[in-house]
Amino acid sequence: MTDAVTSSPRSARAESLSRALYRFSQSWLSVIGLAIVVLLIIVAILAPWIVPHPEHALGVTNTAARFQPPSASAWFGTNAIGQDIFSLVVIGSRVSLFSGIAVVIISIIVGTFLGAIAGYCGGWIDEVIMRLTDLMLTIPSLILAMAVAAALGSGTFNMIVAIALTWWPSYARLVRGEVISRKEDQFVTAARALGAGWQRILFRHILPNITSPIVVKASLDMGFAILTVASLGFVGIGVKPPTPEWGTLLSGARSYMPTYWWTAVAPGLAIFFAVFAFNLLGDGLRDVLDPKARR
């Protein structure tokens with residue numbers, strides 16, 4: 001009897017997962033987005049070992065080969081100091097992708113914690129946190145990120161912190177609304193009647209049941225996080241050379257357009273495909289995880 005009881009939830013979860021995977025697989029655009037995202041992450045991890053000139057990412061130059069057009073020896077051509085653009089773009093994916101992932105993770109942690117506290121406690125705690133959130137949301141995120149990054153100084157860590165400080169409010173508002181709608185559900189009332197503390201109720205019962213909208217938002221935000229990282233690099237307050245990053249590579253190439261067009265095409269296409277892939281993946285996850293989309 002016990003085995004039947006314990007196996008029933010497991011089989012229900014397995015069936016739910018199977019249905020979710022089936023719904024996801026029905027959207028070929030979402031599958032393409034997932035494939036591109038997985039490919040980008042694998043390439044970023046293996047970048048130093050699969051590019052022909054990893055030393056170029058460390059600042060090594062070859063002026064004799066400057067401004068060579070795309071060819072079999074240099075797939076994306078070379079830049080003004082003879083560096084292989086293919087090697088720079090592939091290695092630069094490490095900074096762009098992992099910085100975007102770090103921004104989203106930090107924003108989720110901070111925003112989820114503050115939003116959960118505000119939604120569950122209510123009262124003056126809710127007012128203080130939400131007024132701070134509203135204040136942060138009134139300032140355009142890119143402008144605020146630029147100001148914070150300029151104040152902190154250049155560097156990957158400072159750039160991640162600057163962007164994350166502008167992104168957590170949207171997660172706080174999302175989580176607050178979900179917690180408010182969930183905190184009077186029957187399973188919460190039952191846990192409260194059994195003597196569970198508010199920490200256990202909030203972090204063990206409510207938050208695990210509101211992960212779906214957070215995951216969907218995070219997948220959709222990843223593309224915009226990568227775009228914001230590139231934007232800071234483009235205006236010169238993100239990652240500094242010789243560390244390659246898509247935004248800084250695009251910024252350095254704008255002076256040579258349109259004569260040496262290949263110097264800008266490669267990093268521009270990398271940004272486009274990364275943002276496009278994460279948006280496709282986010283749409284697919286929304287169709288799977290959004291209760292309103294289920295039938």
Side-chain angles (χ1 to χ4, degrees), residues 33 36-63 65-104 142 145-146 149 154-156 159-160 162-163 221-280:
I36 298 176
V37 167
V38 172
L39 178 62
L40 288 173
I41 293 175
I42 293 174
V43 168
I45 293 173
L46 302 177
W49 297 279
I50 63 176
V51 296
H53 299 285
E55 69 278 4
H56 288 176
L58 302 176
V60 176
T61 63
N62 181 18
T63 54
R66 66 193 304 265
F67 288 134
Q68 290 185 354
S71 62
S73 59
W75 292 354
F76 295 163
T78 61
N79 60 13
I81 53 179
Q83 294 175 324
D84 179 44
I85 296 177
F86 173 75
S87 299
L88 296 180
V89 169
V90 173
I91 295 180
S93 65
R94 296 166 69 92
V95 175
S96 299
L97 287 176
F98 296 144
S99 294
I101 293 173
V103 166
V104 172
L142 181 58
M146 292 171 59
S154 60
T156 304
M159 176 187 64
I160 292 172
I163 301 174
D221 281 351
M222 267 300 306
F224 295 105
I226 293 172
L227 192 59
T228 304
V229 169
S231 299
L232 293 185
F234 185 80
V235 299
I237 55 177
V239 178
K240 295 295 184 182
T243 302
E245 187 271 323
W246 293 339
T248 57
L249 293 176
L250 200 58
S251 177
R254 59 182 172 175
S255 302
Y256 309 109
M257 291 288 290
T259 305
Y260 305 110
W261 52 268
W262 58 85
T263 58
V265 168
L269 286 177
I271 295 172
F272 168 77
F273 279 114
V275 175
F276 183 64
F278 276 106
N279 283 344
L280 290 181

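Residue pairs satisfying the side chain to side chain donor-acceptor pair (under 3.5 Å) criterion with at least one member in residues 83-103, sequence neighbours excluded, are listed as follows: Asn79-Gln83, Asp84-Ser87, Ser96-Glu245. Applying the side chain to side chain donor-acceptor pair (under 3.5 Å) test to every pair with at least one member in residues 246-256, sequence neighbours left out, gives no pairs at all. Applying the side chain to side chain donor-acceptor pair (under 3.5 Å) definition to pairs two or more places apart or across chains, those involving residues 43-53 are His53-Glu55. Legend: ring-ring contact (aromatic ring centres under 6.0 Å, His included) pairs involving residues 81-102, not counting sequence neighbours, sorted by first then second residue: Trp75-Phe86, Phe76-Phe86.
Among all heavy-atom pairs drawn from Ala145 and Ala162, the shortest one is O-CB, 3.7 Å. Taking each heavy atom of Ile36 and Ala277 in turn, the nearest pair found is CG2-CB, 3.4 Å. Gln68 and Trp262 make their closest contact through O-NE1, 3.2 Å (heavy atoms, listed as atom of the first residue, atom of the second, distance). Taking each heavy atom of Val89 and Ala266 in turn, the nearest pair found is CG2-CB, 3.9 Å.
Not a single side chain to side chain donor-acceptor pair (under 3.5 Å) links Thr78 to another residue, sequence neighbours left out. With sequence neighbours excluded, no residue forms a side chain to side chain donor-acceptor pair (under 3.5 Å) with Asn279. Here Phe276 pairs with Phe272 under the ring pair (Phe, Tyr, Trp, His ring centres under 6.0 Å) rule; sequence neighbours left out. Partners of Leu250 by side-chain contact (heavy atoms from CB on, under 4.5 Å), not counting sequence neighbours, listed by chain and number: Phe234, Ala264, Pro267, Ile271. Legend: residues meeting side chain to side chain donor-acceptor pair (under 3.5 Å) with Thr259, ordered by chain and number and at least two apart, are absent. With sequence neighbours excluded, no residue satisfies side chain to side chain donor-acceptor pair (under 3.5 Å) with Thr61.
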Please list every donor-acceptor pair under 3.5 Å in which a side-chain atom of residues 223-231 meets a protein atom from a residue at least two apart or in another chain.
residue : atom : partner : partner atom : Å
Thr228  : OG1  : Phe224  : O            : 2.8
Ser231  : OG   : Leu227  : O            : 2.7

Acceptor/donor pairs from residues 39-48 side chains to any protein atom, 3.5 angstrom cut, sequence neighbours excluded:
none

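Between the CG atom of Asn62 and the NE2 atom of His56 there is a distance of 6.0 Å, given to the nearest 0.5 Å.
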